[in-house]
Engineer: 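Got a structure here, written out as structure tokens. Questions coming.
Atoms within each ligand, like the ligands themselves, are counted from 1 in listed order.
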Amino acid sequence: MESTDKPRVGWIGTGIMGAAMCGHLMAAGHAATVFTRTRSRAEPLLQRGAAWAETPAAVAAAADVVFTMVGYPADVRAVVLGATGVLAGARAGTILVDMSTSEPSLAREIDAAARARGVAALDAPVSGGDVGAREARLSIMVGGDADTFARVRPLLALMGKTIVLQGPAGSGQHTKMVNQILVASSMIGVCEGLLYARRAGLDVPTVLASVAGGAAGSWSLANYVPRIERGDLEPGFMIEHFVKDMKIALAESRRMGLTLPGLDLAERLYARLVDAGHGRKGIQALLLALEQLGDGADLGPRLT
Ligand code: NAP
């Protein structure tokens with residue numbers, strides 16, 4: 001990376017989160033080369049001057065720091081380790097930052113494969129939602145070595161407000177799993193509270209005036225209840241991606257000998273929504289699953 005010039009960035013995955021995040025880097029004067037599966041989703045960035053590359057490898061060849069923000073672990077594997085992936089095109093000295101929510105074990109695998117080519121890798125998943133991405137207020141949870149973190153931090157600071165190195169490769173993804181475990185049970189609380197308030201004949205905004213600023217207040221309550229109230233079930237954060245995250249967290253928990261009943265219940269409720277065709281709605285659509293339970297619904301055996 002040139003210390004005198006602004007590093008050239010590469011961006012792979014310009015969806016809800018990635019388009020906004022890459023936009024912040026461009027607004028700060030970084031030249032950007034982008035690739036994403038559906039080219040139309042990169043169009044706003046291309047109109048602002050980003051260059052298009054035909055493969056992740058070609059992105060890497062044109063950049064000092066490459067960011068990936070795709071969907072699932074299989075997508076991360078394809079765009080990083082695949083035949084035309086980032087590592088196939090990156091020069092020694094390039095830095096790769098995967099900001100997707102993915103598996104800790106895959107982050108460690110990428111770290112090892114990157115090192116073998118003289119590339120430094122960080123896992124750096126985020127929290128803060130579409131709003132946090134647009135407003136550059138994300139929390140960024142980083143795994144990797146301290147030197148690489150220090151070099152990339154100024155770029156991360158253009159996208160987020162809370163940027164913490166959690167430990168070696170995979171630690172960012174583990175921290176994001178903690179985040180998702182917290183969100184999973186929190187969303188059940190938010191939607192149950194809302195259903196109860198409605199059924200009790202209360203005025204929801206007036207209820208929020210009492211509870212949102214107290215011990216029950218949360219980001220999920222403040223951001224999702226207003227969306228639900230105006231009938232907006234669009235993502236935000238897609239149910240399919242949340243189920244992916246909860247499955248990773250459940251697998252890691254099992255591997256560590258943990259039983260987490262709150263996470264287990266949330267995953268089962270959200271999986272019902274995927275089965276019912278709601279996988280591409282926002283996670284606030286949990287309300288639909290709870291509404292359908294009715295009186296005395298069977299949620300299967302209790303975990304103890
Ligand atoms: P999204 O809107 O689906 O964006 C992902 C983008 O990556 C899409 O444009 C997708 O292409 C592209 N992509 C996926 N696989 C690809 C591949 N193999 N090669 C090239 N491009 C590929 O999802 P998002 O909401 O931005 O989420 C991205 C990641 O951030 C996910 O891991 C998610 O769990 C995580 N996350 C999301 C939020 C949130 O609130 N949205 C918050 C925190 C973390 P297509 O357009 O063709 O689908």
Engineer: Taking ring pair (Phe, Tyr, Trp, His ring centres under 6.0 Å) as the definition, give me every residue that meets it alongside H278, ordered by chain and number, with sequence neighbours left out.
Structural biologist: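 Residues passing ring pair (Phe, Tyr, Trp, His ring centres under 6.0 Å) with H278: none at all.
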Engineer: Taking L258's backbone N and O only, do any of them form a donor-acceptor pair with S253's side chain (distance below 3.5 Å, no angle check)?
Structural biologist: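 Flag not set: sc S253 to bb L258 has no pair under 3.5 Å.
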Engineer: Write none if no such pair exists; otherwise list each N/O atom of ligand 1 with its protein N/O partner under 3.5 Å and the distance.
Structural biologist:
from     : atom 1 : to   : atom 2 : distance (Å)
ligand 1 : 2 (O)  : I16  : N      : 2.9
ligand 1 : 2 (O)  : R41  : NH2    : 3.1
ligand 1 : 9 (O)  : T36  : OG1    : 3.4
ligand 1 : 15 (N) : R37  : NH1    : 3.4
ligand 1 : 15 (N) : D75  : OD1    : 3.3
ligand 1 : 18 (N) : D75  : OD1    : 3.4
ligand 1 : 21 (N) : R37  : N      : 3.1
ligand 1 : 26 (O) : I16  : N      : 3.3
ligand 1 : 26 (O) : M17  : N      : 2.8
ligand 1 : 32 (O) : V70  : O      : 3.2
ligand 1 : 32 (O) : G71  : O      : 2.8
ligand 1 : 32 (O) : T101 : N      : 3.1
ligand 1 : 32 (O) : K244 : NZ     : 3.0
ligand 1 : 34 (O) : K244 : NZ     : 2.8
ligand 1 : 41 (N) : G236 : O      : 3.0
ligand 1 : 46 (O) : R41  : NH1    : 3.0
ligand 1 : 47 (O) : R37  : NE     : 2.9
ligand 1 : 47 (O) : T38  : OG1    : 2.5
ligand 1 : 48 (O) : R37  : NH2    : 3.0

Engineer: Checking side-chain contact (heavy atoms from CB on, under 4.5 Å) against V142, which of D123, T148, L122 comes through?
Structural biologist: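 Among D123, T148, L122, the one meeting side-chain contact (heavy atoms from CB on, under 4.5 Å) with V142 is L122.
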Engineer: Quick one: list whatever passes ring pair (Phe, Tyr, Trp, His ring centres under 6.0 Å) with F35, sequence neighbours left out.
Structural biologist: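 If we apply the ring pair (Phe, Tyr, Trp, His ring centres under 6.0 Å) test to F35, skipping adjacent residues, the hits are W52.
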Engineer: Determine yes or no for a side-chain-to-main-chain donor-acceptor pair under 3.5 angstrom, with R91 supplying the side chain and A61 the backbone.
Structural biologist: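 The answer is yes, because a donor-acceptor pair under 3.5 Å joins these two groups.
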Engineer: Name all residues meeting the salt bridge (Lys or Arg N to Asp or Glu O under 4.0 Å) criterion together with R77; count only those two or more places apart in sequence or in a different chain, and write none if there are none.
Structural biologist: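 Result, salt bridge (Lys or Arg N to Asp or Glu O under 4.0 Å) vs R77: E109.
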